[in-house]
Amino acid sequence: MRNPASEHLPDAIREELLQSGIVSGDFILASGIRAAKKFDFDLIPTNSDLFEIVVSGLARCIRNQFSSFDAIVTIANGATRLGDPIAHQLNVSHTPTTYHVDELGQKQFVVPQLSTERHCIIVDDVFTKGTNATKVASRLAARGCAIGGVGVILDRSNVASPAICHDSPVVSLIKQQLL
């Protein structure tokens with residue numbers, strides 16, 4: 001299934017990205033759904049043409065979908081290395097999150113204090129159900145930040161137009177349900 005936002009990615013690049021980022025093996029999603037394959041963007045080298053294409057493509061998707069924002073906030077760990085190059089292309093600041101696992105085994109995200117940024121786009125590598133994006137959005141909203149939306153490389157959801165809390169839209173380079 002193709003996402004209209006990914007139309008600017010040539011088919012060969014889209015396939016190379018999927019093949020480079022998919023590894024075999026068991027992977028338990030946070031939702032508890034078992035998957036035979038996992039999309040792992042961390043396997044793609046930062047100095048590769050493919051990394052540059054993905055960064056540029058995601059920056060274009062964000063620029064085309066969202067109009068008024070002054071910061072991107074990346075979700076640890078998968079999207080952290082996307083943050084600086086995307087922020088540079090969009091001429092905004094980048095704030096990475098960190099997380100720790102609490103006593104119940106749940107990720108608790110830590111968002112550093114933002115200075116004057118109040119309109120944020122959340123960036124992640126993979127969107128399945130939006131759990132992590134929703135957690136980060138909640139932390140940002142508690143600090144008075146407006147969430148304009150979420151930009152991701154891969155949307156694995158089965159939702160035609162995914163959104164997180166307060167109906168913040170999700171835009172992606174690739175929409176592909178993985179088994």
Any sub-3.5 Å donor-acceptor pair from [X]'s side-chain atoms to [Y]'s backbone N or O?
X    : Y    : result
K175 : S157 : yes
D70  : R118 : yes
T97  : A76  : yes
K135 : K107 : yes
S168 : I164 : no

Can you tell me how far [atom2] of [Y] sits from [atom1] of [X], rounded to the nearest 0.5 angstrom?
X    : Y    : atom1 : atom2 : value
I72  : I86  : CD1   : CD1   : 5.5 Å
I53  : L173 : CD1   : CG    : 11.0 Å
T74  : I121 : OG1   : CD1   : 13.0 Å
T95  : I122 : OG1   : CD1   : 11.5 Å
S172 : D124 : OG    : CG    : 12.0 Å
R63  : L58  : CZ    : CG    : 10.5 Å

* Restricting to pairs with a member in residues 56-103, which pass ring-ring contact (aromatic ring centres under 6.0 Å, His included), not counting sequence neighbours? -> Y99-F109

* Is the count of non-hydrogen atoms from other residues, nucleotides or ligands lying under 6.0 Å from N91 atom CG greater than 12? -> no

Distance-only criterion, 3.5 Å: show the donor-acceptor pairs between side-chain atoms of residues 142-153 and protein atoms not counting sequence neighbours.
unit_1 : atom_1 : unit_2 : atom_2 : d
R143   : NH1    : V111   : O      : 2.3
R143   : NH1    : P112   : O      : 2.9
R143   : NH2    : V111   : O      : 2.9

* Structure fact -> Of all heavy-atom pairs linking R81 and I44, the shortest is NH2-O, 2.5 Å

* Is there a side-chain contact between V123 and V73 (heavy atoms, below 4.5 Å)? -> no

* To do: Could you check if a side-chain atom of P45 sits within less than 4.5 angstrom of a side-chain atom of F51, using non-hydrogen atoms only?
  => no

* Pair R60-Q65, side-chain donor/acceptor within less than 3.5 Å -> no

